[in-house]
Asks: 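Take this structure, written in structure tokens, and hold onto it; I'll ask about it next.
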Amino acid sequence: MNTHSNTPAGWYPDPHGAAQTLRYWDGAQWTEQTHAEGKGGPAPQIPQQAGPDARVQRQVQQQAGVAPSGPGGGSMFSEPVLVVNQKAKLIELTNEYKVMDQQGNQLGSVVQVGQSALRKILRFVASIDQYLTQRLEIRDAHGQPVLLLTRPAKIFKSRVLVTRPDGQPVGEIVQQNVFGKINFAINADGRQVGAIKAENWRAWNFAIVDHAENEVARITKTWEGLAKTMFTTADNYVLQIHYQLPEPLLSLVVATALTVDTALKQDARGLG
């Protein structure tokens with residue numbers, strides 16, 4: 001009779017009944033990795049990526065309600081699902097986000113840039129910084145900028161300018177209203193090519209539509225846990241793109257999703 005006393009936690013008999021085979025359960029699903037019992041070899045090791053992948057998969061599938069889809073092209077502009085998780089900080093002086101695919105592979109990052117020491121001090125002692133000009137870089141997996149975003153100083157309505165790293169304009173995202181469910185127009189070349197529509201007054205979830213009001217993408221805020229919600233600034237989002245979009249709408253949709261918290265709704269945590 002076989003025993004599993006030397007088997008690390010997480011490894012179980014194959015659920016499909018394969019004889020003398022162990023399979024790893026990552027907390028969300030059975031992985032493809034297996035280990036044969038009774039061969040006299042070393043005990044199986046837990047896959048290194050099982051933890052992070054499982055958390056991201058739960059965020060996408062269970063929290064955002066996005067069904068698993070086939071792999072994309074491996075970049076922020078070719079994946080059907082993007083996971084945007086803000087770096088958790090007790091005191092946030094610079095916004096930073098990690099961008100992953102639905103399996104947890106890092107595709108890029110978003111970093112707030114151009115802040116002086118005085119701005120950081122101002123942000124530490126008061127909330128007025130949210131009304132001043134904000135600049136962000138969207139960077140690829142190699143740390144190279146692919147999009148630049150500037151939200152000029154504002155009082156009530158946000159306006160975000162999106163450009164390429166060489167300064168070539170891509171378009172802009174313009175807030176349409178202040179009260180109720182917040183809407184944004186997506187403009188390029190002097191015309192509206194889409195819109196972002198908050199689905200509740202707290203501006204947590206957004207539907208993104210094209211110029212004909214067809215939904216092309218969706219942004220869902222996901223629960224980051226009670227401790228993070230109460231004691232840190234972290235916000236997490238999942239972007240689902242329903243089909244491959246044309247440019248410049250694709251870049252503007254990606255820019256919107258990756259900067260929704262900083263560029264569009266940073267006024268107050270959870271209040272839009």
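If you're wondering where the values come from, they're calculated on a predicted model, not measured in any experiment.
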Asks: Would you find a donor on one side and an acceptor on the other, under 3.5 Å apart, between the side chain of Asn183 and the backbone of Asn177?
Replies: no
Asks: Looking at Ile196, Asn187, Val253, which one forms a side chain to side chain contact (heavy atoms under 4.5 Å, CB included) with Ile173?
Replies: Ile196
Asks: Using the rule that Ile, Leu, Val, Met, Phe, Trp and Tyr join whenever any side-chain heavy atoms are under 4.5 Å apart, tell me whether Val146 and Leu161 fall into a single cluster.
Replies: no
Asks: Do Leu147 and Val162 come within less than 4.5 Å of each other through their side chains, counting heavy atoms only?
Replies: yes
Asks: At what distance, to the nearest 0.5 angstrom, does CZ of Arg159 lie from CZ of Arg151?
Replies: 12.5 Å
Asks: Output yes when a side-chain donor or acceptor of Lys157 lies under 3.5 Å from a complementary backbone atom of Gln176, and no otherwise.
Replies: yes
Asks: What distance do Leu239 atom CG and Arg218 atom CZ have between them, rounded to the nearest 0.5 Å?
Replies: 11.0 Å
Asks: Which atoms form the tightest heavy-atom contact between Gly73 and Glu79, and what is the distance?
Replies: N-OE2, 3.7 Å
Asks: What are the two closest non-hydrogen atoms of Arg164 and Ser251, and how far apart are they?
Replies: NH1-OG, 3.1 Å
Asks: Please report the C-alpha distance between Tyr237 and Tyr97 in whole Å, then the side-chain angles of each, then the deciding distance to 0.1 Å, and finally whether the side chain to side chain contact (heavy atoms under 4.5 Å, CB included) criterion is met.
Replies: CA-CA 10 Å; Tyr237 294 88; Tyr97 300 82; 5.6 Å; no
Asks: For Asp140 and Gly143, indicate whether the former's side chain and the latter's backbone hold a donor-acceptor pair under 3.5 Å.
Replies: yes
Asks: Taking all non-hydrogen atoms of both residues, which atom of Ala67 and which atom of Gln102 are closest, and how far apart?
Replies: O-OE1, 4.5 Å
Asks: I'd like to know whether NE2 of His211 has more than 12 heavy-atom contacts from other residues, nucleotides or ligands below 6.0 angstrom.
Replies: no
Asks: Cluster question for you: counting only ILVMFWY and a side-chain heavy-atom cut-off of under 4.5 Å, with indirect links fine, are Val209 and Leu252 together?
Replies: no
Asks: Given Asn85, which of Lys98, Gln59, Glu96, Arg55 fulfils the side-chain hydrogen bond (donor to acceptor under 3.5 Å, both in side chains) condition?
Replies: Gln59
Asks: Establish whether Leu249 and Ile138 are linked, either directly or via other cluster members, by ILVMFWY side-chain heavy-atom contacts under 4.5 Å.
Replies: yes
Asks: Go through it in stages, so that I can follow the logic: the residues are Met76 and Leu258, the test is side chain to side chain contact (heavy atoms under 4.5 Å, CB included), and I'd like the CA-CA distance, side-chain angles, deciding distance and then a yes or no.
Replies: CA-CA 10 Å; Met76 289 183 284; Leu258 302 193; 3.7 Å; yes
Asks: Before giving the answer on side chain to side chain contact (heavy atoms under 4.5 Å, CB included), spell out for Phe184 and Ile186 the whole-Å C-alpha distance, their side-chain angles and the decisive distance to 0.1 Å.
Replies: CA-CA 7 Å; Phe184 300 85; Ile186 303 176; 5.8 Å; no
Asks: Please check if Ile219 and Val216 belong to a single hydrophobic cluster, counting links between Ile, Leu, Val, Met, Phe, Trp and Tyr side chain heavy atoms closer than 4.5 Å.
Replies: yes
Asks: How many angstroms lie between CD in Gln175 and OG in Ser158, if you round to the nearest 0.5 Å?
Replies: 5.0 Å
Asks: Could you pull out the closest heavy-atom pair between Ala207 and Glu199, with the gap in Å?
Replies: CB-OE2, 3.6 Å
Asks: Give the minimum heavy-atom separation between Asn205 and Lys221, together with the two atoms involved.
Replies: OD1-N, 2.9 Å
Asks: Begin with the C-alpha distance, continue with both residues' side-chain angles, and end with the deciding distance and a verdict on side chain to side chain contact (heavy atoms under 4.5 Å, CB included) for Leu245 and Tyr243.
Replies: CA-CA 6 Å; Leu245 301 176; Tyr243 54 87; 3.6 Å; yes
Asks: Between the main-chain N or O of Ala153 and the side-chain N or O of Thr133, is there a donor-acceptor pair closer than 3.5 Å?
Replies: yes
Asks: Taking all non-hydrogen atoms of both residues, which atom of Met100 and which atom of Leu107 are closest, and how far apart?
Replies: C-CD1, 3.9 Å
Asks: State yes or no: do Leu250 and Val110 share one hydrophobic cluster built from I, L, V, M, F, W and Y residues joined by side-chain heavy-atom distances below 4.5 Å, directly or via other members?
Replies: yes
Asks: Short question: side chain of Glu137, backbone of Val111 - any donor-acceptor pair under 3.5 Å?
Replies: no
Asks: From Leu136 CG over to Thr150 OG1, what is the distance, rounded to the nearest 0.5 angstrom?
Replies: 8.5 Å
Asks: Is a salt bridge present between Glu215 and Lys197, judged by a nitrogen-to-oxygen distance below 4.0 Å?
Replies: no
